[in-house]
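Working notes for the structure below.
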Amino acid sequence: MKTFDVGALQLIAEAISGTIDFPESAIYDRVVVQQGIDKQLDELKHVHDGIVHMLVEVGRAISADLDLAPDISSRLNVVFFPQLGYMITMPNISEEGSTTESESRSTRHTEAPVGMSSLYEGPDWTMQFFTQNAFYYKHPKTRALDEEIGDVFGQMIGWWCLF
């Protein structure tokens, strides 16, 4: 019987544990690389970690640019959807039940069904789609985010796949 090299196995285990972030891997249900392994990946993680704060700030900037009343600006949100990008959301202020579920799930409409209306629709806003609860718009600032930042999480996944 051949002998087993325990030292080699320990080196492999140390290399794996020094590369893979096991707690983050459990959260994302995929292999996540530790910080400090790749500078570009670390930069993407930094942007990703600050994205919620950044989206709030962009929403505030859009509200300030439009000089929106507090009751409207407090309901304006900027969100991100993979493959669709960054968008402004505004609540649907129509009466509940005024549309059917099939109407509310439709996408890429340029006009909402009768009985549905957005709380506010600003200049340079292009409606992308709507649900029973909200309208989703593109705006010059959200288009700029699409081009400048893009899908940070998707980029991180791409880097993780390289390791």
Side-chain angles (χ1 to χ4, degrees), residues 21 23-161:
D21 185 331
E24 289 287 309
S25 295
I27 291 169
Y28 290 109
D29 198 27
R30 65 180 67 242
V31 174
V32 175
V33 177
Q34 297 248 17
Q35 288 200 319
I37 302 295
D38 183 272
K39 185 177 179 177
Q40 191 168 2
L41 179 58
D42 290 347
E43 290 172 12
L44 287 171
K45 283 177 149 179
H46 178 72
V47 171
H48 181 264
D49 291 346
I51 209 154
V52 171
H53 177 72
M54 186 260 317
L55 293 176
V56 168
E57 291 303 315
V58 170
R60 287 181 181 155
I62 292 169
S63 292
D65 289 349
L66 295 170
D67 198 26
L68 295 177
D71 62 322
I72 295 174
S73 67
S74 67
R75 304 198 54 202
L76 182 149
N77 290 299
V78 178
V79 297
F80 174 78
F81 291 107
Q83 299 180 352
L84 299 176
Y86 298 89
M87 290 185 222
I88 293 173
T89 67
M90 287 303 290
N92 173 13
I93 58 169
S94 64
E95 295 180 25
E96 277 189 59
S98 65
T99 62
T100 65
E101 190 161 322
S102 63
E103 287 174 325
S104 70
R105 292 179 189 242
S106 301
T107 59
R108 309 301 283 177
H109 285 287
T110 56
E111 293 182 25
V114 175
M116 288 184 73
S117 61
S118 178
L119 177 63
Y120 179 85
E121 185 171 328
D124 300 325
W125 293 22
T126 307
M127 185 170 56
Q128 301 298 297
F129 64 94
F130 56 87
T131 65
Q132 284 182 309
N133 299 321
F135 287 78
Y136 297 82
Y137 300 92
K138 283 293 186 180
H139 175 275
K141 288 188 181 192
T142 60
R143 286 185 184 93
L145 291 173
D146 289 339
E147 289 184 23
E148 294 168 15
I149 299 174
D151 184 352
V152 176
F153 188 70
Q155 293 173 49
M156 287 172 31
I157 291 172
W159 276 97
W160 292 336
C161 291

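Values below: all heavy atoms of this structure, side chains included; hydrogens, waters and symmetry mates excluded. Residue numbers count from 1 along this sequence.
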Under 3.5 Å donor-acceptor, Gln40 side chain and Asp38 backbone: no
Exam field: side chain Ser74 to backbone Pro70, donor-acceptor pair closer than 3.5 Å: yes
Minimum heavy-atom distance between Leu68 and Leu76, given as atom pair plus value: CD1-CD1, 3.9 Å
Gap between atom CD of Glu121 and atom CE of Met127 - 0.5 Å precision: 6.5 Å
Least distance between heavy atoms, Gln35 atom then Asp42 atom: CA-OD1, 3.3 Å
Pairwise distance CD1(Ile149) to CD1(Ile51) - rounded to 0.5 angstrom: 6.0 Å
Set of side-chain hydrogen bond (donor to acceptor under 3.5 Å, both in side chains) partners for Asp124, sequence neighbours left out: none
Nearest heavy-atom neighbours spanning Ile62 and Ile88: CD1-CD1, 3.7 Å
pair Ser118-Tyr137: side-chain heavy atoms closer than 4.5 Å: yes
Minimal non-hydrogen separation, His139 against Pro123, with atom names: CD2-O, 4.4 Å
Salt bridge (charged side-chain N to carboxylate O under 4.0 Å, His left out) partners of Glu57, counting only residues at least two apart: Arg60
Residue Asp71 excluded, over 12 heavy atoms near CG under 6.0 Å: yes
Interatomic distance, Met54 atom CE to Leu145 atom CG [nearest 0.5 angstrom]: 5.0 Å
pair Gln83-Asp151: side-chain heavy atoms closer than 4.5 Å: no
Expected output: side-chain Asn92 to main-chain Gln132 donor-acceptor under 3.5 Å: yes
Aromatic plane relationship, Phe135 with Phe130 - under 30° parallel, 30 to 60° tilted, over 60° perpendicular: tilted
Met87 versus Tyr136, closest heavy-atom pair with distance: SD-CB, 3.7 Å
Lys45 versus Gln34, closest heavy-atom pair with distance: NZ-C, 4.0 Å
Those residues that, when tested against Tyr86, pass side-chain hydrogen bond (donor to acceptor under 3.5 Å, both in side chains) (two or more places apart): none
